[in-house]
Engineer: 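What follows is a single structure, and I will ask about it in a moment.
Per chain, numbering begins at 1; letters A, B, ... match sequence-line order.
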Amino acid sequence: MARLDEVCKLPGHQGIVWNVGWNQEGTILVSCGEDKTVRLWARNINSENNLWVCHSILSDGHQRTIRSVSFSPCNKLIASASFDGTCCIWEKKTNTDGNQYECTATLEGHENEVKCVAWSTSGSFLATCSRDKSVWIWEVGEDGEFECAAVLSAHTQDVKKVCWHPHQDIVASASYDNTVKLFCEEDDDWVCFGTLKSHDSTVWSLAFDSSGKNMATCSDDRTIKIWKEYLPGNEFGIATSDNTPTWKCICTLSGVHPRAIYDISWCHQTGLIATASGDDAIRIFRIDPESDPNAPTLEQLATVTRAHEQDVNSVAWNPVIPGLLASCSDDMHLKLWQYKG
Amino acid sequence: MTTKGIENVNPQRFVKKTKREVTIEEEDESVKDPIDEREIFDLLRDISDPEHPMSLEELNVVQITNIEVDDHKNSVKVFYTPTIPHCSMATLIGLSIKVCLLRSLPPRFKVEVNISPGSHASEEAVNKQLADKERVSAALENSNLLEVVNQCIVKSLE
């Protein structure tokens, strides 16, 4: 019988916690929120129980709520995105003991609240998105400089989330306009090569599986959808235009979440899918391995109905420790969970 | 904020209900009161309209029959009726109702505020904004907007 057990509760934030993430080694948890801070949490190896504690608080970077935070693939930088319209880059100071970070760059340009920031797997790019309906691509220079490479205004409404493909420099964005769009670089220009339409309301978040050929999306319409990439000339007869791949919705899970689903995380190690919902619950699913890969079904493996005291805003699987999940909520807490299958 | 003249210059005015009588059970502190429609209505009735010196009750924007409460399921749903179908204050009024409830109710409650079906031209767009908690949160960080909302709900929070 599968279970999701609570490992610990991490209080500390003085307001809504909007986002959680991990570093590449899975040893540091990062969170951000309404209190305008980014907090870093790690296991205290000096304590008896190996408790997770907050070891750094990054403040004075932003003037308003910090909505999204992310570790770079090289592990040396943290990017934070805020309602103040900017994105900050934090770097670890090398001349101090302990874990002190300082803000070494501020990326400006968006016209209003920045909703999400994400690093490409290659480490070459950063993507940000905003209520100004645009997605910005930034090039990461070797000298620590960030240059805007593209301003993509393909969406017709507020863009909620950006997420990079696990292997290629392709970025997907989710929006209040109910669609997901895909962008890549073609002849030195960033273009939108696909629009995924199926949700009936705001798409809050998305996640790629480990292959990058499948995507999961979650929405205000209370459904999760699974999408699959079909390449030109595919054997299933799925039509593609020009030489670009097509993404098709191959599965919709409805009637399970009673409220909006704010975040979805797809573990690249275990294949488990976790959802964060407005009904205070966390649910764990996976694609039934016996089902048809072109028309799969989702198995619901575990549910914690009162995971938090209020809405769960974000969930993130640890990239190294299988089954370890972080969550955060309007109730100002973070929690760690261990999945046991 | 709009700088043009007031849209609905002569709104229809409705009679205020009398305050309800407090019963003995309600005075008893040891008995836990579930939250009901009447309590929500009492929270909302004195919210002022942003343009007229009248309450949402007097303008019939909020009515007790358009409130649904399920205390056990932690759910509160309010449907409000703008005075005219093209009322440009519709989103602001909805936001005031939402903020008033979020500040007054225990955090366990899920609050949904919607326009009464069929009563406004941009009903879907307004409902979608009010349902988006990230948008509501960001909007309330705007000090000008927050001030306007606070002015509308100040009497109801007394």
Side-chain angles (χ1 to χ4, degrees), chain A residues 15-16 18-19 33-34 36 62-68 81-85 112-116 130-132 157-161 174-178 200-205 219-222 258-260 262-263 277-281 305-306 308-314 329-332, chain B residues 1 32 35 68-79 90-92 94-95 98-115 117 120-150:
Chain A
I16 294 169
W18 280 108
N19 193 217
E34 194 187 15
K36 309 176 192 131
H62 291 291
Q63 270 83 61
R64 289 179 56 182
T65 287
I66 305 178
R67 178 63 181 88
S68 166
S82 167
F83 286 176
D84 68 9
N112 47 49
E113 298 93 55
V114 189
K115 302 293 176 89
C116 187
S130 162
R131 181 166 66 84
D132 68 8
Q157 293 277 3
D158 184 5
V159 190
K160 301 295 199 186
K161 177 104 179 183
S175 167
Y176 187 95
D177 70 11
N178 308 352
D200 294 323
S201 188
T202 300
V203 186
W204 277 108
S205 188
S219 167
D220 179 67
D221 71 7
R222 307 169 184 190
R259 293 201 178 263
Y262 293 115
D263 201 14
S277 176
D279 71 337
D280 314 344
T305 44
R306 215 172 141 66
H308 283 276
E309 282 158 42
Q310 292 175 55
D311 293 2
V312 190
N313 293 324
S314 182
S329 166
D330 281 357
D331 69 8
M332 307 200 268
Chain B
M1 288 298 296
K32 192 166 164 244
I35 292 184
E68 290 166 24
V69 175
D70 188 332
D71 181 278
H72 197 64
K73 288 191 181 157
N74 301 320
S75 162
V76 171
K77 271 194 205 171
V78 174
F79 291 90
T91 312
L92 180 56
L95 189 59
K98 192 144 198 192
V99 173
C100 175
L101 292 175
L102 290 174
R103 284 192 198 160
S104 314
L105 295 174
R108 63 182 169 94
F109 276 97
K110 305 295 180 189
V111 174
E112 288 172 61
V113 177
N114 286 296
I115 290 185
H120 194 274
S122 303
E123 173 181 328
E124 264 184 51
V126 174
N127 289 343
K128 193 172 181 178
Q129 280 188 78
L130 293 174
D132 187 322
K133 69 170 190 180
E134 185 192 70
R135 290 281 280 261
V136 168
S137 207
L140 295 172
E141 286 189 349
N142 173 325
S143 53
N144 291 331
L145 181 58
L146 185 60
E147 182 54 35
V148 174
V149 168
N150 283 338

Engineer: For residues B:Ile35 and B:Phe109, report the shortest heavy-atom separation together with the two atoms involved.
Structural biologist: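 Distance-wise, the nearest heavy atoms are CD1-CE1, 3.6 Å.
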Engineer: Heavy atoms only: give me the nearest B:Leu95-B:Leu130 pair and the separation to one decimal.
Structural biologist: N-CD2, 3.6 Å
Engineer: Could you go through the side chain to side chain contact (heavy atoms under 4.5 Å, CB included) check for B:Val99 and B:Leu146 one step at a time?
Structural biologist: CA-CA 10 Å; B:Val99 173; B:Leu146 185 60; 5.8 Å; no
Engineer: Just jot down the side chain to side chain contact (heavy atoms under 4.5 Å, CB included) partners of A:Val114, sequence neighbours excluded, or say none.
Structural biologist: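 Side chain to side chain contact (heavy atoms under 4.5 Å, CB included) check on A:Val114 returns A:Ala81, A:His110, A:Thr128.
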Engineer: Between chain B and chain A, which N/O donor-acceptor pairs sit under 3.5 Å?
Structural biologist:
{"unit_1": "B:Lys110", "atom_1": "NZ", "unit_2": "A:Gly278", "atom_2": "O", "d": "2.9"}
{"unit_1": "B:Lys110", "atom_1": "NZ", "unit_2": "A:Asp280", "atom_2": "OD1", "d": "2.5"}
{"unit_1": "B:Lys110", "atom_1": "NZ", "unit_2": "A:Asp311", "atom_2": "OD1", "d": "2.5"}
{"unit_1": "B:Glu112", "atom_1": "OE2", "unit_2": "A:Arg259", "atom_2": "NH1", "d": "3.1"}
{"unit_1": "B:Lys128", "atom_1": "NZ", "unit_2": "A:Tyr176", "atom_2": "O", "d": "2.6"}
{"unit_1": "B:Lys128", "atom_1": "NZ", "unit_2": "A:Asn178", "atom_2": "OD1", "d": "2.7"}
{"unit_1": "B:Gln129", "atom_1": "N", "unit_2": "A:Tyr176", "atom_2": "OH", "d": "3.2"}
{"unit_1": "B:Asp132", "atom_1": "OD1", "unit_2": "A:Lys160", "atom_2": "NZ", "d": "3.4"}
{"unit_1": "B:Asp132", "atom_1": "OD2", "unit_2": "A:Lys160", "atom_2": "NZ", "d": "2.8"}
{"unit_1": "B:Lys133", "atom_1": "NZ", "unit_2": "A:Asp311", "atom_2": "OD2", "d": "3.0"}
{"unit_1": "B:Lys133", "atom_1": "NZ", "unit_2": "A:Asn313", "atom_2": "OD1", "d": "2.5"}
{"unit_1": "B:Lys133", "atom_1": "NZ", "unit_2": "A:Asp330", "atom_2": "OD1", "d": "3.3"}
{"unit_1": "B:Lys133", "atom_1": "NZ", "unit_2": "A:Asp330", "atom_2": "OD2", "d": "3.2"}
{"unit_1": "B:Glu134", "atom_1": "OE1", "unit_2": "A:Lys115", "atom_2": "NZ", "d": "2.7"}
{"unit_1": "B:Glu134", "atom_1": "OE1", "unit_2": "A:Lys160", "atom_2": "NZ", "d": "2.7"}
{"unit_1": "B:Glu134", "atom_1": "OE2", "unit_2": "A:Arg67", "atom_2": "NE", "d": "2.6"}
{"unit_1": "B:Glu134", "atom_1": "OE2", "unit_2": "A:Arg67", "atom_2": "NH2", "d": "3.2"}
{"unit_1": "B:Arg135", "atom_1": "NH1", "unit_2": "A:Asp158", "atom_2": "OD2", "d": "3.2"}
{"unit_1": "B:Ala138", "atom_1": "O", "unit_2": "A:Arg64", "atom_2": "NH2", "d": "3.0"}
{"unit_1": "B:Glu141", "atom_1": "OE1", "unit_2": "A:Arg64", "atom_2": "NE", "d": "2.8"}
{"unit_1": "B:Glu141", "atom_1": "OE1", "unit_2": "A:Arg64", "atom_2": "NH2", "d": "3.4"}
{"unit_1": "B:Glu141", "atom_1": "OE2", "unit_2": "A:Thr65", "atom_2": "OG1", "d": "2.3"}

